[in-house]
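Below you'll find the structure, written out as structure tokens, and then a few comments.
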Amino acid sequence: DTAVSQTPKYLVTQMGNDKSIKCEQNLGHDTMYWYKQDSKKFLKIMFSYNNKELIINETVPNRFSPKSPDKAHLNLHINSLELGDSAVYFCASSQGDTTLAKNIQYFGAGTRLSVL
Amino acid sequence: SQKIEQNSEALNIQEGKTATLTCNYTNYSPAYLQWYRQDPGRGPVFLLLIRENEKEKRKERLKVTFDTTLKQSLFHITASQPADSATYLCALDSGYSTLTFGKGTMLLVSP
């Protein structure tokens with residue numbers, strides 16, 4: 001039973017298209033995240049949601065729009081895809097910054113997006 | 001903003017030796033620091049967490065130290081094995097239940 005699952009695993013598309021990546025966690029966590037890992041392997045946070053509410057929105061183009069229908073799901077929709085959007089996108093979840101959990105994060109396997 | 005530096009992009013060692021990876025940070029005093037392992041084509045996996053009031057933490061062959069004066073954490077793998085080959089990421093508490101990750105060090109353990 002995968003704890004954090006994201007689909008699709010691979011996504012190849014043309015510039016200008018709109019695409020979505022889905023993420024689901026079955027850990028009962030309140031907080032979910034989207035990260036982008038570029039070609040240099042740098043893992044950078046994009047968004048953080050707590051109980052369906054946006055907490056953090058780093059400097060991300062507004063072509064990227066996260067949506068959280070419930071606290072177990074956080075989807076990422078990308079409009080007008082550009083070449084520079086090519087990267088691996090990771091979804092993660094955590095129990096948040098509690099005394100015990102200390103924001104330990106559980107990651108999905110990643111979605112490799114290639115924009116041609 | 002925080003800056004995190006991991007000592008090198010790649011580290012090659014021989015099987016059986018101790019691998020030591022370094023994580024240095026500036027501009028912040030995190031309440032805790034975490035280490036993750038990432039294998040090719042996979043998401044990072046949590047390994048260890050160390051709090052600001054802890055000097056050292058161990059888990060099997062892994063040991064983490066945290067020096068808040070030097071603003072540095074060291075991650076040790078003793079008796080390293082080829083299966084330990086992976087990229088290791090350090091991450092700092094950034095507030096608002098978020099982490100800031102370093103770029104990682106790729107460890108290669110040769111038989």
Side-chain angles (χ1 to χ4, degrees), chain A residues 2-7 9-10 21 23 25 27 29-51 53-59 71 74 87-112, chain B residues 1-11 21 23 25 28 30-54 57 59 62 64 66 73 85-108:
Chain A
T2 307
V4 180
S5 59
Q6 52 184 111
T7 55
K9 190 167 176 61
Y10 299 97
I21 308 172
C23 179
Q25 54 96 2
L27 296 168
H29 290 163
D30 285 338
T31 309
M32 295 185 72
Y33 313 82
W34 277 109
Y35 287 86
K36 178 179 180 180
Q37 190 169 46
D38 59 25
S39 56
K40 294 181 180 177
K41 307 299 182 188
F42 185 40
L43 190 66
K44 188 171 181 187
I45 190 164
M46 300 172 69
F47 302 101
S48 164
Y49 266 73
N50 182 268
N51 215 359
E53 286 191 22
L54 180 65
I55 303 299
I56 293 285
N57 179 355
E58 292 294 319
T59 310
K71 72 174 193 176
L74 180 62
V88 182
Y89 292 84
F90 286 100
C91 175
S93 74
S94 81
Q95 287 181 305
D97 202 359
T98 64
T99 303
L100 284 178
K102 284 300 179 196
N103 204 22
I104 293 169
Q105 303 203 358
Y106 297 80
F107 285 82
T111 295
R112 184 173 295 276
Chain B
S1 62
Q2 295 175 52
K3 189 176 176 185
I4 304 172
E5 287 184 357
Q6 295 194 237
N7 57 328
S8 57
E9 286 192 13
L11 180 66
L21 285 64
C23 176
Y25 59 92
Y28 196 62
Y32 54 84
L33 185 148
Q34 301 182 21
W35 284 89
Y36 288 76
R37 168 181 173 146
Q38 186 174 19
D39 290 283
R42 301 200 168 202
V45 175
F46 170 76
L47 295 175
L48 280 168
L49 178 149
I50 187 164
R51 292 173 170 75
E52 61 180 338
N53 60 350
E54 297 174 320
K57 204 80 168 282
K59 179 182 174 183
L62 308 180
V64 173
F66 194 11
S73 174
S85 298
T87 295
Y88 292 87
L89 306 166
C90 73
L92 299 183
D93 150 44
S94 310
Y96 300 104
S97 292
T98 62
L99 297 175
T100 298
F101 283 83
K103 289 189 178 182
T105 297
M106 187 184 304
L107 175 67
L108 179 60

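Protein chains get the first letters and strands the later ones, always in sequence-line order, with residue 1 at the start of each.
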**OP:** Counting only heavy atoms closer than 4.5 Å, note whether A/Leu43 contacts chain B via side chain, backbone, both or neither.
**Re:** both
Original post:
Can you tell if the side chain of B/Phe101 reaches within under 4.5 Å of the side chain of A/Tyr35, non-hydrogen atoms only?
Top reply: yes
Original post:
Would you say A/Tyr33's side chain and B/Leu99's backbone share a donor-acceptor pair under 3.5 angstrom?
Top reply: no
Original post:
Just how far is it from atom CD of A/Gln37 to atom NZ of B/Lys103, taken to the nearest 0.5 Å?
Top reply: 12.0 Å
Original post:
So do the side chains of B/Val45 and A/Tyr106 get within less than 4.5 Å of each other, counting heavy atoms only?
Top reply: no
Original post:
How many angstroms lie between CG in B/Leu92 and CG in A/Asn103, if you round to the nearest 0.5 Å?
Top reply: 11.5 Å
Original post:
If you tally heavy-atom pairs under 4.5 Å against chain A, which of B/Ala91, B/Ala31, B/Pro44, B/Gly43 wins?
Top reply: B/Pro44
Original post:
Considering only heavy atoms from C-beta outward, does the side chain of B/Gln38 approach that of A/Phe90 to under 4.5 Å?
Top reply: yes
Subject >> side-chain contact (heavy atoms from CB on, under 4.5 Å) between A/Lys41 and B/Thr87, worked out >> reply: CA-CA 10 Å; A/Lys41 307 299 182 188; B/Thr87 295; over 6 Å; no
Subject >> Atom group of B/Glu9 that falls short of 4.5 Å from chain A, counting heavy atoms >> reply: neither
**OP:** Kindly check if the number of other-residue, nucleotide or ligand heavy atoms within 6.0 Å of NZ (A/Lys44) is above 12?
**Re:** no
**OP:** Please report the closest heavy-atom contact between B/Tyr36 and A/Gln105, naming both atoms and the distance.
**Re:** OH-N, 2.9 Å
